[in-house]
Structures are given as C-alpha cells and as structure tokens.
Amino acid sequence: MKENELQDLLNDFNITKFKNDLIDWFEMEQRILPWREDQDPYKVWVSEIMLQQTKVDTVIPYFQRFISKFPTVEKLAYADEQEVLKAWEGLGYYSRARNLQHAVREVAEAYNGKVPDNPEQLAALKGVGPYTKGAILSIAYDIPEPAVDGNVMRVLSRVLRIEEDIAKPRSRRIFEAAVQALISHENPSSFNQGLMELGALICTPKSPSCMLCPVQTHCKAFRDGVETELPIKSKAKKQKRIGYYAFAIENDNNEYLIEQRPDTGLLASMWQFPMVEKHEVDEEHILTWIQQVYGLSVNFDKKLLPIKHVFSHVIWEMDVIHVTITNSNADLKQGRFVDLNYLEKYPFPVPHQKLVDQLNQTR
DNA sequence: AAATCGGGGAA
DNA sequence: TTCCCAGATTT
C-alpha cells in the first residue's frame with residue numbers, strides 16, 4: 001500500500017469525531033490496571049516490556065511483584081541478575097528481563113536515572129523497539145507518537161479496511177502512518193491506549209462485539225460486513241518436535257543435580273535438570289552418558305511422567321528418568337547438587353518446574 | 001524477510 | 001487442535 005492510497009482511505013473518514021469517540025469511550029470504560037495508577041515512566045516501561053506478546057491477566061501479578069521488588073530504576077539497575085530472572089520466571093521470553101535490566105543500567109548511569117523522553121535515546125535502549133518506544137512516549141510523556149501492536153493493526157485494519165498481511169514486517173509502517181494521521185495531539189495517551197483497549201475488549205480477533213463498539217459508525221469493515229475477514233494474516237509454520245531424556249539425579253543427601261543453561265539462545269541462563277536429545281544417545285547407554293558427562297556412576301531407579309512443552313518454534317517431549325548415584329565421592333564434572341527445598345531459589349523454565357513438581361509430590 | 005525467543009488462555 | 005497475545009533481536 002502506498003502513501004496516497006492511505007490518503008484515499010481517509011478521504012471519507014471523520015478523523016475528528018473518530019478520535020473523540022475513541023477517547024471518550026476509553027476514559028469511561030478503561031480497565032483499572034496496576035500500571036495505570038500513575039504515569040511513572042519507569043513503571044510504564046516495565047509494563048510495556050512485560051506486555052509484549054503477553055496477555056494483561058498474565059502480567060498483572062508479575063508486574064506487582066516486580067515493582068515491589070524493584071520499585072525504581074536504581075533498584076533494578078543494581079539488583080542481582082539471577083534475582084531479576086527469578087522474578088521473571090514463568091513469564092517467558094527471558095531476554096526481555098535481561099535486556100530491560102541492561103537498559104535500566106544505562107538509564108541510571110547515562111541519564112541520571114531519568115527515562116529518556118525522545119525517540120532516538122529510547123530506541124537505542126536494549127529491548128525497546130518501535131512499539132515500546134511509542135508507548136513510553138505517548139503514555140508516560142504525552143507525546144503523539146504511534147504505538148502499533150497487534151491490537152492496533154487488527155482495529156485499524158477493520159476500521160479503515162486495510163487489507164495488508166499483518167504478519168509481514170513491512171505492514172507495521174502502514175499502520176504507523178495511519179496512526180500518525182489519526183492520533184489526538186491533545187491526548188495521545190488515551191488515543192493509543194484506547195486503540196489497544198478496544199482491540200482487547202471489543203474488536204477481538206474471532207468474534208468482535210461490533211454492536212457494543214464506540215466507533216462502529218466509523219468502521220469500514222462493519223459497513224461492508226467483512227469484519228470477521230480482517231485482519232489478513234498469513235499462518236506461521238508449525239513447530240519442530242525434539243525428544244529428550246531428562247534426568248533427576250539424586251545423591252546420598254537427597255539432593256538433585258541441576259545445571260545452568262548457556263547465556264545465549266533458548267532459555268538463556270536459566271537452570272535445568274540434565275538432559276540430552278534422544279537422537280544423541282541410545283536408551284541403553286544413557287547411564288554411561290551420565291558417567292561420561294558428569295563423572296557420576298548411577299543406578300536406574302524409575303521413570304517419572306513424561307513432560308511435553310510447547311514453545312513458539314519448537315516442542316520438547318521429555319522422557320524423565322530418576323537415577324541414584326553410587327559413587328558419592330566422585331568429582332562432579334559440571335552442574336551442582338541442590339536440596340529439593342532450595343531449588344526454588346533458582347530460575348527454572350516451566351518444563352523443568354513441572355519436573356520439580358513431580359519430585360515434590362513423590363517424596 | 002525470515003527465524004528465534006515462552007507461556008498461557010480462549011475458541 | 002489453532003490462534004495469538006500492549007514485539008524485539010538476530011540471522
């Protein structure tokens with residue numbers, strides 16, 4: 001779609017009334033949310049990072065715990081990284097936590113703890129992309145910048161009947177141009193939040209509540225009866241399955257062996273029980289594999305319940321095997337033994353939390 | 001442009 | 001099952 005095509009879409013569109021209807025509805029109907037209690041740029045920032053690809057209901061308890069633990073830029077900047085990761089445990093996309101702390105440290109040192117209020121400095125911060133930049137500027141600083149997320153693309157694709165494939169990266173620019181043309185300069189915060197709130201409450205993906213919609217009279221998709229056909233979005237390819245053997249290795253003190261994942265890639269720096277891809281070792285050789293990798297002689301004890309976990313782009317299918325060690329004085333090559341009661345100090349990804357749960361239930 | 005990066009809830 | 005959610009970064 002070209003620039004002038006967008007202008008054509010806006011020709012018969014009452015921009016002034018649209019933004020008034022949207023803002024009036026938002027001010028009346030908005031949900032009470034913990035990050036809406038004030039305009040503290042730090043709290044706006046934290047909430048926006050947590051809300052990336054994550055539903056409001058999921059974020060609420062994490063946000064409250066996180067702000068209690070790290071109430072200011074300085075508290076987060078000087079906190080222990082593992083403690084931050086632990087506070088993020090279960091929320092997913094853990095690089096968000098690492099990038100956030102990295103960026104907050106930069107703000108503490110380079111900007112004297114004040115979150116920048118200009119696009120260039122914000123965009124330079126780790127984890128702050130086009131959406132989050134616009135969200136911070138508009139919500140925390142009342143600056144009229146677009147903040148285009150999935151909600152905004154869905155809402156505007158219907159209201160203006162924009163038929164671009166929203167799965168394509170380039171499409172975001174079309175919607176940013178649309179917001180530029182529509183946004184209220186008097187109240188950019190309520191305008192941007194209103195678009196998102198509308199997408200979350202009314203203009204939902206499957207069956208939008210058009211009869212309750214405050215901008216129904218403006219909506220070209222509703223006018224044409226094609227609201228459920230929009231937005232157009234190409235499908236993602238399905239995930240690859242990977243089979244693993246995972247091991248609960250118990251020593252004489254009833255402690256279990258855990259290890260830290262590498263600091264890059266999937267679940268970076270999180271902790272886990274030892275595991276190996278099935279195609280790398282035959283089942284009859286798994287005890288030998290443990291001996292070679294960890295320097296531990298072990299006896300098979302029993303199989304625990306298998307664990308299946310679906311990630312964005314991969315599916316783990318883990319056979320879980322409980323073993324006990326026979327050479328308690330051996331030199332451990334890697335990992336550490338930790339008592340069941342202290343495992344909660346370590347950040348675990350959900351599939352390994354499930355394994356911890358099994359150990360707690362069966363003891 | 002496409003792949004990577006988590007987890008959960010709704011339909 | 002499939003979708004997709006207040007996306008950013010890396011390849």
Side-chain angles (χ1 to χ4, degrees), chain A residues 26 30-31 33-36 43-63 85 88-100 102-103 122-140 146-155 165-173 175-176 179 189 191-201 203-208 228 231 233-240 261-262 264-270 307-316 347-354:
Chain A
F26 176 72
Q30 64 172 295
R31 291 167 289 181
L33 298 171
W35 47 90
R36 287 179 177 165
K43 286 192 247 177
V44 171
W45 183 8
V46 170
S47 73
E48 292 303 339
I49 299 297
M50 286 189 170
L51 285 161
Q52 289 169 7
Q53 298 293 288
T54 311
K55 286 184 163 51
V56 164
D57 288 340
T58 303
V59 167
I60 290 173
Y62 280 93
F63 177 82
L85 203 52
W88 211 271
E89 180 186 70
L91 197 52
Y93 286 138
Y94 298 98
S95 67
R96 292 184 296 176
R98 175 189 303 249
N99 289 339
L100 175 61
H102 184 276
L122 276 175
L125 297 172
K126 280 286 186 194
V128 178
Y131 164 75
T132 305
K133 173 186 64 178
I136 293 173
L137 288 171
S138 60
I139 298 172
V148 174
D149 69 339
N151 286 311
V152 173
M153 288 196 283
R154 182 173 60 256
V155 169
D165 181 356
I166 66 168
K168 301 288 186 194
R170 59 165 359 119
S171 301
R172 199 196 69 248
R173 301 206 305 260
F175 292 94
E176 284 177 343
V179 173
S189 173
F191 181 89
N192 276 346
Q193 292 191 77
L195 281 180
M196 294 187 272
E197 195 83 341
L198 191 65
L201 300 182
C203 197
T204 51
K206 290 287 163 49
S207 55
T228 56
K233 182 173 186 178
S234 54
K235 296 194 212 319
K237 66 168 191 178
K238 66 176 191 179
Q239 304 97 322
K240 183 190 305 178
R261 294 177 62 86
T264 58
L266 183 65
L267 304 171
S269 302
M270 305 282 287
I307 296 171
K308 177 181 178 180
H309 192 77
V310 178
F311 295 89
S312 312
H313 61 297
V314 73
I315 298 174
W316 283 5
F348 283 95
V350 166
H352 288 269
Q353 291 176 37
K354 292 174 184 169

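Chain identifiers are assigned alphabetically (A, B, ...) following the order of the sequence lines, protein sequences preceding nucleic acid strands; residue numbering begins at 1 within each chain. Just so you know, these numbers use all the heavy atoms, side chains as well, and skip hydrogens, waters and symmetry mates.
- Residue-level contact check: A:G199 touches neither bases nor backbone, having no heavy atom under 4.0 Å from any strand.
- Nucleic acid contact class of A:R261 (heavy atoms, under 4.0 Å, all strands): none.
- A:W35 places none of its side-chain heavy atoms less than 4.5 Å from the side chain of A:V46.
- A:Y62 places its OH atom 17 Å from the C1' atom of C:dA6, with the value rounded to the nearest Å.
- Within 4.0 Å of A:T58, counting heavy atoms only, lies no atom of the nucleic acid at all.
- A:T132 comes within 4.0 angstrom of sugar-phosphate atoms only, judged by non-hydrogen atoms across all strands, and of no base.
- Residue A:L266 is the one, among A:K206 and A:L266, whose nearest nucleotide of DNA chain B lies closer to the 5' end (criterion: closest heavy atom).
- Nucleic acid contact class of A:W35 (heavy atoms, under 4.0 Å, all strands): base.
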With the criterion being N/O to N/O and under 3.5 Å, what pairs connect the protein with nucleotides 9-11 of chain C, and how long is each?
residue: C:dT9; atom: OP1; partner: A:G127; partner atom: N; Å: 2.4

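- Taking only side-chain nitrogens and oxygens, A:Q53 comes nearer than 4.0 Å to OP1 or OP2 of C:dG7.
- Within the nucleic acid shown, A:F311 comes within 4.0 Å of sugar-phosphate atoms alone, with no base atom in reach, counting heavy atoms only.
- Atom C1' of nucleotide C:dA6 and atom CZ of A:F175 are separated by 16 Å, given to the nearest angstrom.
- When rounded to the nearest whole Å, the span between CG of A:L91 and P of C:dA6 equals 13 Å.
- The phosphate of C:dC3 has OP1 or OP2 within less than 4.0 Å of a side-chain N or O from A:K235.
- The separation between A:Y131 atom OH and C:dA6 atom C1' is 3 Å, rounded to whole Å.
- Protein chain A contacts DNA chain B over a range whose 5' and 3' limits, counting nucleotides with an atom under 4.0 angstrom from a non-hydrogen atom, are B:dA1 to B:dG8.
- A:H352 has its side chain within reach of A:W316: a pair of non-hydrogen atoms, C-beta onward, lies under 4.5 Å apart.
- Put simply, CD on A:Q239 is 11 Å from C1' on C:dC3, counting in whole angstrom units.
- Note on A:R154: every side-chain N or O is 4.0 Å or more away from OP1 and OP2 of C:dC4.
- Spacing between C:dT11 and B:dG6 at atom P, rounded to whole Å, works out to 15 Å.
- For the pair A:T132 and A:I49, the minimum side-chain heavy-atom distance is below 4.5 Å.
- Separation of the P atoms belonging to C:dA6 and B:dT4 is 24 Å when rounded to the nearest angstrom.
- When heavy atoms are screened at a 4.0 angstrom cut-off, A:S95 is found touching no nucleic acid atom at all.
- In this structure, the side chains of A:L125 and A:W45 come closer than 4.5 Å at one or more pairs of heavy atoms.
- If you find the closest nucleotide of DNA chain B to A:K168 and to A:P351, the one lying nearer the 5' end belongs to A:K168.
- In this structure, OG in A:S189 is found 11.5 Å from CG in A:L137, a value given to the nearest 0.5 Å.
- Of the candidates A:E176, A:R172, A:R173, A:E176 is the only one forming a side-chain contact (heavy atoms from CB on, under 4.5 Å) with A:P146.
- In this structure, CH2 in A:W88 is found 5.0 Å from CZ in A:R96, a value given to the nearest 0.5 Å.
- The A:V56 side chain lies nearest to C:dA6 when the options are C:dA6, C:dG7, C:dC5.
- For the pair A:R154 and A:K233, the minimum side-chain heavy-atom distance is 4.5 Å or more.
- Regarding A:E48, its CD atom lies at a distance of 14 Å from the C1' atom of C:dA8, rounded to whole Å.
- Summarising the geometry, the separation between CE on A:M50 and C1' on C:dA6 is reported as 13 Å, rounded to the nearest angstrom.
- Between A:K133 and A:K238, the one whose closest nucleotide on DNA chain C sits nearer the 5' end is A:K238.
- Considering only heavy atoms from C-beta on, A:K308 comes within 4.5 Å of A:I315 through its side chain.
- In this structure, CG in A:L100 is found 15.0 Å from OH in A:Y94, a value given to the nearest 0.5 Å.
- A:Y131 and A:Q52 form no side-chain donor-acceptor contact under 3.5 Å, judged by distance and modelled atom types alone.
- The interatomic distance linking A:I166 (CD1) with C:dG7 (P) rounds to 11 Å, in whole Å.
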